[in-house]
Trainee: 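First the structure, then my questions, so here it is.
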Amino acid sequence: MKQRLVQLEVLRYNPDTDSEASFQRYEVVCQDEWVVLDALNKVKESIDPTLNYRWSCHMAVCGSCGMMINGEPKLACHAFLRDYEGVIRIEPLAHFPIERDLVTAPDDFMEKLKRVKPYLIPQQKRSLDEGENRQTPAQLMKFRQYSMCINCMLCYAACPEYGLTPKFIGPAALTLAHRYNQDSRDAGRAERQEVAATHEGVWECTFVGACSEVCPAHVDPASALQQMKISSSIDWLKEHLMPWGSK
Amino acid sequence: MAKSHKPVVWFPFAAGGTVIAFCIPVIVLLTSMAALGHVPDGLGYERMHAFAAGALGKLVIFSVVALSLWSSAHRLRCTCFDFGLRADKVVATVLYLAAVAGSVATAVYLLRI
């Protein structure tokens with residue numbers, strides 16, 4: 001098996017001792033087919049046990065290992081070493097406060113996720129005796145893609161709007177709102193629109209599209225937000241030009 | 001939190017974006033060909049002048065020009081914002097005024113035909 005000496009430049013920050021973050025260089029022998037996460041694990045095991053980063057599944061499912069790799073938001077378990085040459089620069093996810101080394105504080109995203117009510121809000125409660133909610137394949141296809149989000153927050157790190165305007169609800173949370181709005185079992189759109197149709201909701205998005213480019217689950221948040229803009233605009237027209245039709 | 005009134009500017013922007021995507025490349029191609037002396041049959045000066053003289057022709061030309069201008073103004077505003085030019089009110093006023101001025105000029109020229 002082919003091996004290679006990989007140079008990593010990792011941003012380090014310890015809130016107890018450091019006044020600011022700084023880069024630390026590591027050299028580690030890696031297998032050619034490894035991903036960046038493997039290289040970090042090797043560093044932690046054999047060179048520096050104090051290095052901190054989050055990871056869990058190692059197969060792009062859990063969404064824990066998001067970090068900036070050569071300036072691009074990536075899952076470390078999904079970034080193959082063979083795609084990189086020279087020194088690989090690894091930093092914590094952009095636009096989030098650093099907790100320690102590569103670990104960021106996701107509190108802002110979590111709070112926004114709660115605000116868009118990303119769960120089914122049925123018109124009427126169903127009892128268990130009524131059986132399951134049936135859906136046609138066509139009804140499922142309307143939201144399936146948007147339900148694939150793994151909450152990795154790469155889209156927030158990629159979004160220049162979120163970087164410039166931290167109040168922006170952001171790609172993943174709004175996409176999940178759209179996912180439930182599109183679900184035939186759901187009747188909660190009006191509640192979610194109270195957040196989604198505000199300045200800080202979909203209207204802060206300028207359709208840069210970086211969210212969709214970095215999404216490891218191919219959710220395409222940009223398309224969800226554009227669809228929400230169209231439906232929010234139709235709501236606005238109904239409310240202001242045909243007030244009799246909006247109720 | 002109050003709902004946004006952004007649809008007022010976004011609807012014409014989206015309509016303009018659609019017009020730009022579908023019509024403008026064709027118009028650029030046709031006018032470039034005309035500039036090089038290759039005017040396709042049926043799109044000669046007399047025919048186009050007659051089209052612009054009719055009410056429907058005026059409406060179509062005005063819609064294409066005004067919506068494209070509005071869409072471009074809004075896109076430029078967003079681009080300025082994305083690049084960190086945070087004087088959004090000034091940028092928006094200048095760009096939207098330019099789009100309005102272009103639209104008014106189009107209307108004036110069309111009405112003179």
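Chain identifiers are assigned alphabetically (A, B, ...) following the order of the sequence lines, protein sequences preceding nucleic acid strands; residue numbering begins at 1 within each chain. Excluded from the calculations below are hydrogen atoms, water molecules and symmetry mates; all remaining heavy atoms, backbone and side chain alike, are included.
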Trainee: OH of A/Y146 to CZ of A/R179: how many Å apart, nearest 0.5 Å?
Mentor: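 Between atom OH of A/Y146 and atom CZ of A/R179 there are 12.5 Å.
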
Trainee: Say whether A/Q193 and A/S232, considering side chains only, have a donor N or O and an acceptor N or O under 3.5 Å apart.
Mentor: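 Yes, A/S232 and A/Q193 have a side-chain donor paired with an acceptor closer than 3.5 Å.
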
Trainee: I need the minimum non-hydrogen distance between B/L67 and B/P12, along with the two atoms involved.
Mentor: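 So the minimum-distance heavy-atom pair works out to CD2-O, 3.8 Å.
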
Trainee: For chain B, which residues from residues 207-215 of chain A lie under 4.5 Å away (heavy-atom distances)?
Mentor: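 The stretch touches chain B at A/F207, A/V208.
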
Trainee: Which members of residues 151-164 of chain A, sorted by number, sit under 4.5 angstrom from chain B on a heavy-atom basis?
Mentor: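 A/E161, A/L164 fall under the 4.5 Å cut-off.
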
Trainee: Has A/D18 got a side-chain atom pairing as donor or acceptor with A/E20's backbone, closer than 3.5 angstrom?
Mentor: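 Pair absent, no side-chain N/O of A/D18 close to backbone of A/E20.
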
Trainee: By a 4.5 Å heavy-atom criterion (distance strictly below it), what part of A/L237 contacts chain B: side chain, backbone, both, or neither?
Mentor: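 Just its side chain gets close to chain B.
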
Trainee: Could you tell me whether the side chain of A/D101 and the main chain of A/V103 form a donor-acceptor pair under 3.5 Å?
Mentor: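 Not a single qualifying donor-acceptor pair exists.
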
Trainee: Just checking, any donor-acceptor pair under 3.5 angstrom between side chains of A/D183 and A/Q135?
Mentor: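 Yes, because at least one side-chain N or O of A/D183 sits under 3.5 Å from a partner of the opposite role on A/Q135.
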
Trainee: So B/H49 and B/Y45, would you call those rings parallel, tilted or perpendicular, with 30° and 60° as cut-offs?
Mentor: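 Plane angle between 30° and 60°, so tilted.
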
Trainee: Do the side-chain N and O atoms of A/H178 and A/Q227 include a donor-acceptor pair separated by under 3.5 angstrom?
Mentor: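 Looking only at side-chain atoms, A/Q227 and A/H178 do form a donor-acceptor pair, the distance falling under 3.5 Å.
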
Trainee: Give a yes or no on whether the backbone of B/V28 and the side-chain of B/T31 come within a donor-acceptor separation of less than 3.5 Å.
Mentor: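 Pair found, side chain donor or acceptor close to backbone of B/V28.
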
Trainee: Which region of B/R77, side chain (C-beta onward) or backbone (N, CA, C, O), has a non-hydrogen atom less than 4.5 Å from a non-hydrogen atom of chain A, or is it both or neither?
Mentor: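 It is neither, since no heavy atom gets under 4.5 Å.
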
Trainee: Looking only at the aromatic ring of each residue, does the gap between the centers of B/F11 and A/W236 stay below 6.0 angstrom?
Mentor: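 Aromatic pair excluded; centres sit 6.0 Å or further apart.
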
Trainee: Do A/I69 and A/M67 have side-chain heavy atoms sitting under 4.5 Å apart?
Mentor: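 Counting from C-beta outward, A/I69 and A/M67 do come under 4.5 Å.
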
Trainee: Please classify the contact between B/H74 and chain A as side chain, backbone, both or neither, with a heavy-atom cut-off of under 4.5 Å.
Mentor: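 Nothing of B/H74, per the 4.5 Å heavy-atom cut-off to chain A.
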
